[in-house]
Amino acid sequence: MSVARDIPRQAVILVGGEGTRLRPITSRVPKPVTPVVERPFVAYILDNLTRHGVERAVFSSGFLAEAIQAVIGDGAAFGLEVSYVVEEEPLGTAGAIANCDAVLDEGSFFVFNGDVLSDVDLSALAATHLEKGGMGTIFLTAVDDPSRYGLVELREDGSVASFLEKPGDWEGTALINAGVYVLEPEVLELIPRRRLFSIERGVFPKLASAGSLYGYVDRGYWRDIGTPDSYLQAHFDILSRQVDTAVAGLLGDQYLYLSPDAEVASSARVVPPCYIGEGVRIGEGARVGPLAVLGGRAVVGEGAVVTEAVAQAEVVIGSYAQVEGSVLVRGASIGAGTQLNGAVLGEGCVIGAGNRLAGGICVYPETELPDNSIQFYEQLRGREGA
Ligand code: GDD
Ligand code: MG
């Protein structure tokens, strides 16, 4: 890791979006503090900032500010100073940055989209910014399908030739805006105050045509946790240590964290990579993992199987139930023999015994489903396509 001399010491974290695509995971808890391997998601962003010497972070948030503040507080637990700027109406990504003007110190600053999991080398990003001398430098990553991102084309000298937000039907691998920037304070002068304004549509294209925007391509890990699929995949990537996070230290070389007070029955199997939280109980003959996270006080009944799945705190999985490729939000429960395959259960759902939920189904918080009331037959799905 290279350490730039003049790395920005401050950052703006954009957390004002509603996170609707991540419901029902975010129905009760805002996306930025939704637990990811039992840590509020933005903790991973704060870790990366402190690792590169950033001392202050400003959360630019909307209506959910209090819920975020309740979890992150003054930032002391994360090793930096956190403050909050709250907008009454959504101001868009640029408006939200400009709204932090009064609390930013002089000099350049980092900006983070609040839903990006990455171990990007911020010192190298800042060093590129200094070397190129532009008004802004964007962290770029290559993806196979750039259609739902900001598509970036570079010139030979590393300057941005074009920035096209959400290009729609674009084919093939391309560099995209990874949602992490270094900006000079002069950029704030390009942003109208107190009205909706997008940095991707209103600022970057303008800086690009002025030759004053640069790209920094980092081959490190990157993912936007905007959908249930990517939320689940982020857990797998943290567990298998594809991204460098604080959880790696807990998992160690065995890729296994087993809280000292978890109770695992003698005939149960825990297969790494796995994270088993505080006070978890796993019954006789059950199998947990690979790629499973059990939050604090979760219970896995006798003979149940939990694999490639996330069960947040206080989830109860009945005996002989099978959970695969699914997310159970805090306090959800499923009865004996119930099967989940690609399902998302919202907070406090009570799903009775003998059900089968699959195929990307999302169940909203507190839903109650009696025993034996929903089945899912692969054959019928197959027939649809025939
Ligand atoms: N304060 C505030 N106010 N924050 C906002 C607002 C707002 O009005 N609108 C969005 N945000 C925050 C969101 O909470 C999120 O953290 C970040 O800004 C980006 O918004 P998203 O809604 O997640 O945008 P996206 O994922 O469709 O696209 C953005 O991210 C991609 C990378 O993940 C763009 O920056 C793309 O260019 C980029 O490729
Ligand atoms: Mg996003």
Side-chain angles (χ1 to χ4, degrees), residues 11-23 25-26 29-34 40-42 44-46 57-65 67-69 72 83-101 103 110-118 120 136 138-153 160 162-168 170 174-181 183 191-205 207-208 213 215-218 221-231 233-234:
V12 171
I13 305 178
L14 295 173
V15 290
E18 286 193 49
T20 47
R21 286 172 300 161
L22 201 50
R23 286 180 192 154
I25 298 168
T26 52
V29 179
K31 177 159 82 168
V33 289
T34 284
F41 178 70
V42 288
Y44 296 93
I45 293 179
L46 297 178
V58 184
F59 279 74
S60 175
S61 59
F63 68 113
L64 292 165
I68 298 172
Q69 215 160 337
I72 304 299
S83 56
Y84 300 85
V85 171
V86 182
E87 57 206 43
E88 278 164 26
E89 297 291 328
L91 293 173
T93 44
I97 297 168
N99 204 32
C100 298
D101 197 359
V103 296
F110 287 109
V111 175
F112 255 88
N113 282 352
D115 58 355
V116 162
L117 177 64
S118 176
V120 54
I138 306 180
F139 160 32
L140 305 173
T141 191
V143 299
D144 293 337
D145 173 16
S147 58
R148 56 192 182 92
Y149 302 108
L151 180 75
V152 176
E153 288 179 304
V160 173
S162 70
F163 189 107
L164 187 60
E165 183 65 11
K166 311 262 154 60
W170 186 280
L175 288 176
I176 59 136
N177 166 24
V180 182
Y181 326 121
L183 300 180
I191 305 171
R193 300 305 144 108
R194 284 172 289 282
R195 76 174 176 85
L196 197 66
F197 207 73
S198 152
I199 196 149
E200 296 86 351
R201 296 175 201 275
V203 178
F204 288 156
L207 289 177
L213 187 63
Y216 162 74
V217 183
D218 192 292
Y221 178 90
W222 181 85
R223 179 179 298 285
D224 167 332
I225 62 144
T227 63
D229 263 347
S230 62
Y231 175 79
Q233 193 61 49

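One-based numbering, in listed order, for ligands and for the atoms of each.
- Thr93 and Glu200 share a side-chain donor-acceptor pair at under 3.5 Å.
- Residue Val58 forms a side chain to side chain contact (heavy atoms under 4.5 Å, CB included) with just one option from Ile13, Val85, Leu14, and that option is Val85.
- Interface of Glu200 with ligand 1, defined as ligand atoms under 4.0 Å from a residue heavy atom, comprises 34 (C), 35 (O), 37 (O).
- Between Leu91 and Glu87 the shortest heavy-atom distance is N-OE2, 3.0 Å.
- Ring-centre distance between Tyr181 and Tyr216: not below the 6.0 Å cut-off.
- Without hydrogens or angle criteria, Thr141 side chain to Trp222 main chain gives no donor-acceptor distance under 3.5 Å.
- Of all non-hydrogen atoms in Phe41 and Leu117, the two that sit nearest each other are CZ-N, 3.7 Å.
- Annotation: Arg193, atom CZ; neighbour count of heavy atoms from other residues, nucleotides and ligands within 6.0 Å is above 12.
- Among protein heavy atoms, atom 38 (C) of ligand 1 sits closest to Asn177 O, 3.2 Å.
- The minimum heavy-atom distance linking Leu196 with Pro90 is given by the pair CD1-O, 3.2 Å.
- Polar contact check, Lys31 against ligand 1: no nitrogen or oxygen pair lies under 3.5 Å apart.
- Considering both main-chain and side-chain atoms, Leu14 comes within under 3.5 Å of ligand 1 through a nitrogen or oxygen pair.
- On a distance-only criterion, Gly150 and ligand 1 share at least one N/O pair closer than 3.5 Å.
- Ligand 1 places these atoms under 4.0 Å from at least one heavy atom of Lys166: 25 (P), 27 (O), 28 (O).
- For Asp115, the N, O or S atom closest to the Mg ion (ligand 2) goes by the atom name OD2.
- Looking at Trp222 against ligand 1, only its side chain comes within 4.0 Å, counting heavy atoms.
- With respect to atom 26 (O) of ligand 1, the closest heavy atom belonging to the protein is Asp224 OD2, 3.1 Å.
- Contact between Tyr181 and ligand 1 is present, with at least one heavy atom of the residue lying under 4.0 Å from the ligand.
- Interface of Pro90 with ligand 1, defined as ligand atoms under 4.0 Å from a residue heavy atom, comprises 8 (O).
- Of all atoms in ligand 1, listed by their number and element, those nearer than 4.0 Å to a heavy atom of Val15 are 14 (O).
- Between Thr34 atom OG1 and Asp115 atom CG the span is 11.0 Å, to the nearest 0.5 Å.
- The aromatic rings of Phe163 and Phe204 sit tilted relative to each other, their planes meeting at an angle between 30° and 60°.
- By heavy-atom distance, the residue among Pro32, Gly16, Gly114 lying nearest atom 6 (C) of ligand 1 is Gly16.
- Annotation for ligand 1: atoms under 4.0 Å from non-hydrogen atoms of Ala96 are 1 (N), 2 (C), 3 (N).
- Within the 4.0 Å heavy-atom shell around ligand 1 one finds Gly92.
- Regarding atom 20 (O) of ligand 1, its nearest protein heavy-atom neighbour is Thr93 CG2, 4.5 Å.
- Between Arg148 and ligand 1, no N or O atom pair is found at a separation short of 3.5 Å.
- Using a 4.0 Å heavy-atom cutoff, Ser60 is listed among the residues neighbouring ligand 1.
- Under 4.0 Å from ligand 1, heavy atoms of Asn113 appear from its side chain as well as its backbone.
- The closest side-chain heavy-atom distance from Val203 to Leu213 is not below 4.5 Å.
- Neither the backbone nor the side chain of Phe139 has a heavy atom within less than 4.0 Å of ligand 1.
- Between the choices Glu165, Arg21, Glu89, the shortest heavy-atom distance to atom 37 (O) of ligand 1 belongs to Glu165.
- When atom types are taken as modelled, the side chain of Arg148 and the backbone of Pro146 share no donor-acceptor pair closer than 3.5 angstrom.
- Counting heavy atoms under 4.0 Å from ligand 1, residue Leu196 does not touch it at all.
- Taking distance alone, with nitrogen or oxygen atoms compared against 3.5 Å, Gly17 approaches ligand 1 more closely than that limit.
- For ligand 1, the polar-atom distance check against Ala178 finds no nitrogen or oxygen pair separated by under 3.5 Å.
- A side-chain N or O of Ser147 and one of Asp145 form a donor-acceptor pair less than 3.5 Å apart.
- Residues Val111 and Ile97 form a side-chain contact, since some pair of their non-hydrogen atoms from C-beta on lies under 4.5 Å apart.
- By the criterion of a heavy-atom distance under 4.0 Å, the backbone of Leu91, and not its side chain, is placed next to ligand 1.
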